[in-house]
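Just so it is clear, the structure is predicted and the values come from calculations on it, not from any experiment. Both backbone and side-chain heavy atoms feed into the values below; hydrogens, waters and symmetry mates do not.
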Amino acid sequence: MSLTKNWTTATLAASALAFGLTTTAVAQDDAEGPAINSGAISLDLGIDTTSAYYFRGIAQENKGLILQPWATITVDLYEDDQINVAGYVGTWNSVHSHQPGGTDSWYEADVIVGVSVGLPAGFTVDLAYINLYNPRGGASFAQEIDLTVAYDDSEFLDELALNPYATIAWEFSGGSDGVSGEGTYLELGIEPSLTVLESEDYPVSLSLPVTAGFSLNNYYQDGGGNDPFFGFVSVGIAASTSLSFVPAEYGDWSASLGFDLLLLGDEANDVGRGVTGSSLVVPIVYAGISMSY
């Protein structure tokens with residue numbers, strides 16, 4: 001979540017958990033005890049720190065300490081041989097030690113409510129309402145509806161799976177560019193991953209996320225009325241490992257470390273420059289710890 005505060009990542013993670021697409025402590029039988037959390041409600045939470053915070057290529061902060069705690073509760077609603085349905089509610093926050101003009105360090109507190117549907121042939125459809133709220137200003141940056149379609153291609157490509165997805169976000173109140181009103185955003189991404197270190201207790205996985213963001217209507221509009229299609233491209237590498245020393249009854253814990261290279265379009269850069277003095281090429285380092293239960 002550190003590079004662009006990508007809600008697609010959050011919603012797909014919730015979907016994967018609900019549909020059993022990831023390895024978690026949920027409903028697993030332990031040889032030394034009963035299953036951990038075999039019910040229909042699951043919890044994901046974590047905290048990240050990042051060298052810079054960009055939202056869909058728009059600079060928010062690149063000075064001081066940036067902490068981004070988040071949490072998601074997922075509820076299994078329906079399951080049969082063809083589809084799985086899960087609902088979720090979550091929050092994502094960004095707290096900054098850099099406080100221009102003595103402003104509040106709590107920069108952002110978002111609320112997400114959504115539903116994910118797992119379909120045959122590896123497809124997942126996710127629909128979410130997101131309120132991007134600014135505690136400093138006492139109002140929302142924007143409110144939007146996000147539709148994400150993801151495809152699990154691991155059945156055909158195995159370890160070479162790309163895990164592609166596409167997200168369309170419709171703003172119906174406010175605007176994330178801070179210039180124009182409601183806009184429409186398109187994001188396309190892949191995230192191939194593989195296990196680079198086999199270990200019973202501390203396996204290490206490597207992922208290579210690639211994300212591109214575009215304006216379908218007024219999303220990267222500048223003060224002069226220009227609305228370019230291209231917003232940004234990011235290419236990254238991230239490693240993660242299980243924290244197996246934490247007892248299973250306290251959840252499935254993991255840690256991650258990553259690097260992203262963010263390439264901005266001119267308008268996305270212009271929108272962010274007034275906030276942090278950004279450049280067209282931005283390297284970002286991030287780390288995090290998370291728990292699933």
Assess the side chains of Ser154 and Asp152: does a donor N or O sit below 3.5 Å from an acceptor N or O?
yes

So, Asp158 side chain and Leu160 main chain: donor-acceptor pair closer than 3.5 Å or not?
no

List in chain and number order the residues that pass side chain to side chain contact (heavy atoms under 4.5 Å, CB included) with Phe245, two or more places apart in sequence or in another chain; answer none if no residue qualifies.
Tyr202, Leu243

Output the distance between atom CG (Leu147) and atom CG (Leu127), rounded to the nearest 0.5 Å.
6.0 Å

Do Tyr129 and Gln143 have side-chain N/O donor and acceptor atoms under 3.5 Å apart?
yes

Side-chain contact test, heavy atoms from C-beta onward, threshold under 4.5 Å: evaluate it for Val117 versus Thr124 and give yes or no.
no

Between CG of Leu45 and CD1 of Ile289, what distance do you get to the nearest 0.5 Å?
10.0 Å

When hydrophobic residues are tied together by side-chain contacts of less than 4.5 Å, even through go-betweens, does Leu206 share a cluster with Leu197?
yes

Given the rule in the side chain to side chain contact (heavy atoms under 4.5 Å, CB included) test, do Tyr286 and Asp48 qualify, once you have shown the distances and angles that lead to the verdict?
CA-CA 7 Å; Tyr286 59 91; Asp48 302 310; 5.9 Å; no

For Phe229, check ring-ring contact (aromatic ring centres under 6.0 Å, His included) against everything at least two apart and list the hits.
Phe214

Do Tyr54 and Ile284 have side chains that approach each other closer than 4.5 Å (heavy atoms only, starting at C-beta)?
yes

Would you confirm whether Gln60, through its side chain, and Ile58, through its main-chain N or O, come within 3.5 Å as a donor-acceptor pair?
yes

To which residues is Tyr133 joined in a hydrophobic cluster, defined by side-chain heavy-atom contacts under 4.5 Å among Ile, Leu, Val, Met, Phe, Trp and Tyr, whether direct or through other members?
none

Output yes when Arg136 and Glu61 qualify as a salt bridge under the 4.0 Å nitrogen-oxygen rule, no when they do not.
no

Looking only at side chains, do Gln68 and Tyr53 share a donor and an acceptor under 3.5 Å apart?
no

Those residues at least two apart in sequence (or on a different chain) that pass ring-ring contact (aromatic ring centres under 6.0 Å, His included) with Phe230 are none

Before giving the answer on side chain to side chain contact (heavy atoms under 4.5 Å, CB included), spell out for Ser105 and His96 the whole-Å C-alpha distance, their side-chain angles and the decisive distance to 0.1 Å.
CA-CA 5 Å; Ser105 61; His96 308 165; 5.6 Å; no

Determine whether a donor-acceptor pair (N or O, by modelled atom type, separation under 3.5 Å) exists between the side chain of Ser207 and the backbone of Ser193.
no

Given Asn93 and Glu108, is the side chain to side chain contact (heavy atoms under 4.5 Å, CB included) satisfied, shown in steps?
CA-CA 5 Å; Asn93 302 265; Glu108 191 167 344; over 6 Å; no

Say whether Leu208 and Val204 are linked into one hydrophobic cluster, either directly or through other cluster members, by side-chain heavy-atom distances under 4.5 angstrom.
yes

Val115 vs Val85, test: side chain to side chain contact (heavy atoms under 4.5 Å, CB included). Steps then yes/no.
CA-CA 7 Å; Val115 60; Val85 182; 3.8 Å; yes

Ser116 side-chain N/O to Ala86 backbone N/O, donor-acceptor pair under 3.5 Å
no

Quick one: CD on Glu171 to OG on Ser173, what's the gap to the nearest 0.5 Å?
9.0 Å

If hydrophobic clusters are built from ILVMFWY residues whose side chains come within less than 4.5 Å, do Tyr78 and Leu119 share one?
yes

Could you tell me which non-hydrogen atom of Gly174 sits nearest to which non-hydrogen atom of Ala142, and how far apart they are?
C-CB, 4.1 Å

Do Ile190 and Val233 share a hydrophobic cluster, counting only Ile, Leu, Val, Met, Phe, Trp and Tyr and linking them when any side-chain heavy atoms are less than 4.5 Å apart?
yes

Closest heavy-atom contact between Val246 and Tyr250?
CG1-CB, 3.9 Å

When you compare the side chains of Tyr88 and Asp126, does any donor N or O come within less than 3.5 Å of an acceptor on the partner?
yes

Would you say that Asn131 contacts Ile112 through its side chain, given a criterion of any heavy-atom pair below 4.5 Å between the two side chains?
no

In terms of heavy-atom contacts, Ser205 and Thr195 come closest through OG-OG1, 3.8 Å

Of the non-hydrogen atoms in Ile237 and Pro209, which two are nearest, and what is the gap between them?
N-CD, 4.2 Å

Taking atom OG of Ser140 and atom CG of Asp110, what is their separation to the nearest 0.5 Å?
8.5 Å

Indicate whether any N or O donor in one side chain lies under 3.5 Å from an N or O acceptor in the other, for Thr167 and Asp146.
no

Just by distance, no angles: are the side chains of Asp252 and Ser292 close enough, under 3.5 Å, to form a donor-acceptor pair?
no

Non-hydrogen side-chain atoms of Ser254 and Ser240 separated by less than 4.5 Å:
no

Scanning both residues in full, the closest heavy-atom pair of Phe55 with Ser176 reads CE2-OG, 3.3 Å

According to side chain to side chain contact (heavy atoms under 4.5 Å, CB included), who are the partners of Ile73, at least two apart in sequence or on a separate chain?
Ile41, Leu43, Val89

Should Asn226 and Gln221 count as side-chain neighbours, where that means a heavy-atom distance under 4.5 Å?
no

Hey, quick one: are Trp70 and Trp106 part of the same hydrophobic cluster, counting side-chain heavy atoms closer than 4.5 Å, chains of contacts allowed?
no

Under 3.5 Å, is there a donor-acceptor pair between the side chain of Asp80 and the main chain of Gln82?
yes

Whether the side chain of Trp170 engages the backbone of Phe172 through a donor-acceptor N/O pair (distance < 3.5 Å, no angle test) should be reported.
no

Using distance alone, with no hydrogens and no angle criterion, decide if Asn217 and Tyr219 have a side-chain donor and acceptor under 3.5 Å apart.
no

Report yes or no: do Asp227 and Ser215 form a side-chain donor-acceptor pair below 3.5 Å?
yes

4.5 Å side-chain heavy-atom contact, Leu262 and Val281:
no

Quick check: does any side chain N or O of Asn218 sit under 3.5 Å from a backbone N or O of Gly183, one acting as donor and the other as acceptor?
no

Quick check for you: to the nearest 0.5 Å, what is the distance between Asp44 atom CG and Ser290 atom OG?
7.5 Å

Does any part of the side chain of Trp92, heavy atoms only, come nearer than 4.5 Å to the side chain of Val111, both counted from C-beta?
no

Got a sec, which residues hit side chain to side chain contact (heavy atoms under 4.5 Å, CB included) with Glu200, two or more places apart in sequence or on another chain?
none

When you measure from the side chain of Thr49 to the backbone of Ile66, do you find a donor-acceptor pair of N or O atoms at a distance under 3.5 Å?
yes

Once rounded to the nearest 0.5 Å, what's the spacing between atom CG of Asn163 and atom OH of Tyr165?
11.0 Å

Of the non-hydrogen atoms in Asp76 and Gly39, which two are nearest, and what is the gap between them?
OD2-O, 4.5 Å

Do Arg56 and Tyr185 have side-chain heavy atoms sitting under 4.5 Å apart?
yes

